Amino acid sequence: MTSIDDAKLESINVLRRAGIEPYPYTYSVSHHARAIRDGFSELEGREVSIAGRAMQMRQMGGITFIDIQDRTGRIQGLIRNNELDQKSLLVLTNSSIGDTLGIRGVVMKSKRGEISVGARELTMLSKTLRTLPNKWQGLTDTEARYRSRHLDLMMNQEVLKTFETRAKFMTHVRNTLDSRGGIEVETPILQDLYGGANAKPFKTTYHTLDDKQMFLRISDELYLKRLIVGGAERVYEVSKDFRNEDADTIHNPEFTQIEYYEAFSDYETFMKMMEEMLSSFALKTFGSLKVEYQGETIDFTPPFARMYWVEELKKITGFDVSSISDDDAVSINDSEKLGLKHPDRYHVADSLYDKYLKSKTFQPTFVMDFPTFMCPLTKIKRGNPKLAERFELYVGRMEVANSYSELTDPVYQRKMFENQEAERKKGDEDAPPFDEDFIDAIEYGMPPTAGIGISIDRPAMIFTNQTSIKEVILFPPMKTLPPEETLGKN
RNA sequence: GGGCCCGUAGCUCAGUCCGGUAGAGCAUCUGGCUUUUAACCAGGUGGUCGUGGGUUCGAUUCCCACUGGGCCCGCCA
């Protein structure tokens with residue numbers, strides 16, 4: 001039943017009896033695999049030490065070939081028994097695929113031309129007790145990969161690359177904001193009141209404050225704006241947000257976005273910023289402004305398209321969603337067969353966009369200007385009071401950023417919160433509660449400000465050519481397995 | 001919430017249609033082999049067939065329920 005191998009346990013005993021610790025403290029690594037491959041001409045004949053996991057072994061009697069994998073790739077160790085000391089020989093006879101080994105030796109080529117490290121010394125760095133997945137199919141079962149990410153990483157090295165690219169994107173966004181003078185801050189994840197978005201929160205309690213009801217944040221917007229009121233001028237936060245909703249290929253209940261607020265700017269500023277940020281990342285990472293995604297090409301060459309979606313929708317459907325009432329919404333829900341549970345104007349407008357326009361946003365597209373009733377935190381559009389100055393940036397038909405000219409009028413803001421509160425009482429569970437503290441803050445006066453939330457997960461999908469958000473989240477949430485089946489763990 | 005597909009050895013899979021209590025490769029163990037790279041050759045170990053129930057003389061196989069996963073649709077930013 002157990003997949004722990006008795007023979008491997010016995011190897012540990014054999015090594016310890018000979019005074020060799022199978023779980024030592026350190027090892028001095030001089031080169032990674034890729035460095036030896038890339039620098040072979042200079043390194044040939046020189047002594048190096050490498051360390052990594054033994055992924056394959058080919059034993060031929062007096063000679064053994066071991067493929068050592070470190071985070072840069074694999075390199076072959078070439079081990080001749082008659083060139084090893086006693087300790088190394090004992091390590092060799094007690095090693096198996098999956099062990100972490102250190103090899104000190106000379107850079108050389110084998111007779112077949114494979115760049116190798118000709119071993120002088122072999123060191124056990126960590127004896128595995130488990131059996132690795134087989135060497136040619138590897139680990140492919142999606143569930144097993146997500147539940148055992150350690151195995152996934154060792155068997156599928158491109159997974160590490162995916163997360164490296166994700167990290168590079170995050171760094172790139174940070175660099176962009178730092179270069180604009182943004183201060184990186186941290187605001188509460190555990191909040192008394194949630195807001196800044198429409199979503200169901202996770203509820204929790206804080207024991208030492210009389211079991212106070214608290215919420216995991218759905219957004220950090222209202223906190224960052226308090227900092228703008230305070231005079232910070234430019235602030236951003238890498239924000240893990242939590243929304244108590246179903247997961248699918250582009251939604252995860254916890255997700256990462258970077259929110260940035262910039263005083264004295266409006267949403268036009270951020271359209272330029274996003275064009276520059278995404279195009280420079282594509283260029284830096286792929287050497288091109290054109291990125292392959294799922295067999296199609298996304299062109300990040302600025303300027304990005306602008307879709308004035310309310311107008312577009314009017315052309316297609318005849319409805320001006322910026323002027324409809326909730327009663328209109330009910331009849332549109334029927335005539336357009338939207339099938340909404342709560343067919344108010346907010347959800348109907350949103351749903352019409354999804355139905356008719358979302359498919360046209362494969363190339364980077366700013367979806368411009370939303371009806372005011374969809375934007376409780378946004379200034380009205382200059383020249384059209386039915387609209388708000390807000391854009392959502394779509395790439396690959398996914399929303400990757402959401403930005404607006406922030407509402408700074410405290411009296412109007414209070415009215416918008418009151419409207420939301422009314423929606424809430426009508427049964428819209430996603431409408432956030434009234435936040436008197438926030439109103440109090442902006443009553444002191446908030447400068448003109450542009451705000452933006454930049455998704456990390458979805459751009460990571462695009463830049464790593466993935467179709468599921470779970471592929472860019474190291475440990476996606478999974479249901480708990482019944483006690484008996486723990487996927488290879490018993 | 002609806003539809004489709006899937007769960008058999010550590011991993012990747014066959015077997016299920018047409019019921020007779022399981023098979024391959026890799027890994028692992030034993031032996032052989034001093035330039036292999038999916039090394040090779042010979043032999044061995046390893047499975048309450050996702051869980052529970054039903055039908056049956058007999059169920060991995062048929063039926064029902066449950067459970068976990070994937071994809072699509074719906075809902076949700």
Side-chain angles (χ1 to χ4, degrees), chain A residues 1-8 10-11 54-67 74-84 96-98 108-116 118 128-148 151-152 154-155 196-200 218-219 241 243-253 255 257 337-343 346-347 350-351 353-354 358 370 374 392 394 398-400 402 428-430 453 455 458 467-468 470-471 476 478-490:
Chain A
M1 194 65 179
T2 177
S3 56
I4 289 179
D5 192 330
D6 289 339
K8 293 185 168 89
E10 182 50 26
S11 283
M55 300 305 289
Q56 288 192 38
M57 278 180 145
R58 295 171 293 281
Q59 284 189 290
M60 323 269 311
I63 187 167
T64 304
F65 300 90
I66 303 182
D67 294 343
R74 293 187 186 184
I75 190 153
Q76 176 172 273
L78 191 164
I79 297 150
R80 277 166 294 218
N81 291 5
N82 59 17
E83 291 180 10
L84 289 186
S96 56
I97 290 175
M108 57 177 289
K109 273 191 181 171
S110 70
K111 272 187 188 161
R112 294 288 175 89
E114 180 80 17
I115 294 171
S116 307
T128 184
L129 294 181
R130 306 292 292 249
T131 305
L132 257 44
N134 83 58
K135 64 190 164 205
W136 56 88
Q137 287 96 345
L139 186 73
T140 59
D141 182 81
T142 311
E143 180 180 2
R145 288 183 47 237
Y146 295 156
R147 288 193 195 271
S148 301
L151 269 183
D152 187 29
M154 69 180 84
M155 299 311 296
N198 275 31
K200 280 180 215 63
I218 59 173
S219 156
D241 294 336
R243 299 182 185 176
N244 203 343
E245 291 156 359
D246 282 351
D248 60 29
T249 48
I250 58 167
H251 294 89
N252 197 58
F255 64 99
Q257 60 173 331
K337 300 184 172 63
L338 300 178
L340 294 170
K341 260 186 283 182
H342 302 290
Y346 177 106
H347 290 99
D350 200 35
S351 179
Y353 166 78
D354 282 349
K358 197 182 195 171
F370 289 60
M374 297 178 82
E392 289 184 346
Y394 274 72
M398 293 184 280
E399 180 195 338
V400 300
N402 178 18
D428 185 351
E429 289 179 282
D430 293 348
S455 166
R458 291 170 184 173
T467 55
S468 169
K470 288 191 168 80
E471 292 291 348
M478 305 288 278
K479 287 190 182 172
T480 306
L481 292 175
E484 282 308 304
E485 32 175 335
T486 39
L487 269 177
K489 282 186 181 151
N490 46 358

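Here is how names work: the chains are called A, B, and so on, in the same order as the sequence lines, proteins then strands, and each is numbered from 1. Just so we're clear, the structure is a prediction, and the values are computed from it rather than from any experiment. Computed over heavy atoms, backbone and side chain alike; hydrogens, waters and symmetry mates excluded.
- Counting to the nearest Å, the C1' atom of rC75(B) and the CG atom of Asn244(A) are 14 Å from each other.
- Of all nucleotides listed (rU35(B), rC71(B), rA77(B)), rC71(B) comes nearest to the side chain of Thr249(A).
- If you check rG58(B) for Watson-Crick or wobble pairing at under 3.5 angstrom, you find it has no partner at all.
- Computed from coordinates, the Leu139(A) CG to rG10(B) P distance equals 14 Å when rounded to whole Å.
- Here the nucleotide nearest the side chain of Met108(A), chosen from rU35(B), rA77(B), rU37(B), is rU35(B).
- Between the CD atom of Glu143(A) and the P atom of rG50(B) there is a distance of 13 Å, given to the nearest Å.
- Here rC75(B) is the nucleotide among rC11(B), rA77(B), rC75(B) with the atom lying nearest to any side-chain atom of Leu340(A).
- Comparing the P positions of rG1(B) and rC17(B) gives a spacing of 33 Å, expressed to the nearest Å.
- If you measure from atom CD of Glu245(A) to atom C1' of rG1(B), you get 16 Å, rounded to the nearest angstrom.
- In this structure, Gly118(A) and Met108(A) approach most closely via the heavy-atom pair CA-SD, 3.6 Å.
- Taking the side chain of Lys479(A) as heavy atoms from C-beta on, and the options rU28(B), rG68(B), rU37(B), the nearest nucleotide is rG68(B).
- At distances below 3.5 Å, at least one donor-acceptor pair connects side-chain atoms of Asp248(A) with backbone N or O atoms of His251(A).
- Nucleotides rG54(B) and rU48(B), compared at atom P, are 22 Å apart to the nearest Å.
- When the C1' atom is compared between rU21(B) and rG15(B), the two are found 14 Å apart, to the nearest whole Å.
- Regarding Glu83(A), its CD atom lies at a distance of 14 Å from the P atom of rU34(B), rounded to whole Å.
- Rounded to whole Å, the separation between the P atoms of rA14(B) and rG25(B) comes to 16 Å.
- The shortest non-hydrogen separation linking Asn198(A) to Glu245(A) is O-OE2, 4.4 Å.
- Both Thr467(A) and Lys200(A) sit near RNA chain B, but only Thr467(A) has its closest nucleotide nearer the 5' end.
- The same atom, C1', is picked in rC18(B) and in rA65(B); the two are 26 Å apart, to the nearest Å.
- For Phe370(A), the side-chain atoms get nearest to rA77(B) when compared with the rest of rU12(B), rG69(B), rA77(B).
- Using a 4.5 Å heavy-atom cutoff, the side chains of Lys8(A) and Thr131(A) are in contact.
- Here rC11(B) sits opposite rG25(B) as a Watson-Crick or G-U wobble pair (both hydrogen-bonding atom distances under 3.5 Å).
- To the nearest 0.5 Å, atom CG of residue Leu78(A) and atom CD of residue Glu83(A) are 8.5 Å apart.
- Residues Leu132(A) and Ser468(A) each lie close to RNA chain B; by heavy-atom proximity, the contact nearer the 5' end of the strand is made by Leu132(A).
- Distances from the side chain of Met478(A) to the nucleotides rC29(B), rA77(B), rG69(B) place rG69(B) closest.
- Residue Thr140(A) places at least one side-chain N or O under 4.0 Å from the OP1 or OP2 atom of rU12(B).
- Comparing rU30(B) with rU35(B), their C1' atoms are spaced 25 Å from each other, to the whole Å.
- Nucleotide rA27(B) holds its P atom 6 Å from the CD1 atom of Ile97(A), rounded to whole Å.
- Rounded to a whole angstrom, the distance from the C1' atom of rU16(B) to that of rC6(B) is 14 Å.
- Nearest to the side chain of Lys111(A), among rU28(B), rU37(B), rU35(B), sits rU35(B).
- What you find for Ile66(A) and Ile79(A) is that their closest heavy atoms are CD1-CD1, 3.5 Å.
- The shortest non-hydrogen separation linking Thr140(A) to Arg145(A) is O-CD, 3.9 Å.
- Within 4.0 Å (heavy atoms only), Gly98(A) reaches no atom of the nucleic acid at all.
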Atom pairs under 3.5 Å, N or O on each side, protein against nucleotides 39-43 of chain B: can you list them with distances?
unit_1  : atom_1 : unit_2    : atom_2 : d
rA39(B) : OP1    : Lys135(A) : NZ     : 2.6
rA39(B) : OP2    : Gln56(A)  : OE1    : 2.6
rA39(B) : OP2    : Arg58(A)  : NH1    : 3.4
rA39(B) : N6     : Gln59(A)  : O      : 2.9

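- A donor-acceptor contact under 3.5 Å links the side chain of Asn82(A) to the base of rU34(B).
- When heavy atoms are screened at a 4.0 angstrom cut-off, Ile218(A) is found touching no nucleic acid atom at all.
- Separating the CD1 atom of Ile66(A) from the C1' atom of rU35(B) is a distance of 14 Å, rounded to the nearest angstrom.
- The line from CG of Leu151(A) to CG of Asp141(A) is 11.5 Å long, rounded to the nearest 0.5 Å.
- Rounded to whole Å, the P atom of rG69(B) lies 32 Å from the corresponding atom of rA27(B).
- You'll find a donor-acceptor pair under 3.5 Å spanning the side chain of Asn134(A) and the base of rC11(B), going by distance alone.
- Nearest approach of Gln257(A) to Arg243(A), heavy atoms of both residues: NE2-NH2, 4.0 Å.
- Remark: C1' of rG70(B) and CG of Asp141(A) are 9 Å apart, rounded to the nearest angstrom.
- Base pairing analysis places rU30(B) opposite rA42(B); the two distances defining the Watson-Crick or G-U wobble pair are each below 3.5 Å.
- For the pair Ile97(A) and Met55(A), the minimum side-chain heavy-atom distance is 4.5 Å or more.
- Side-chain proximity of Lys470(A) to the nucleotides rA77(B), rG10(B), rG70(B) is greatest for rG70(B).
- Contact annotation: His347(A) reaches the phosphate of rA77(B) (side-chain N/O to OP1 or OP2, under 4.0 Å).
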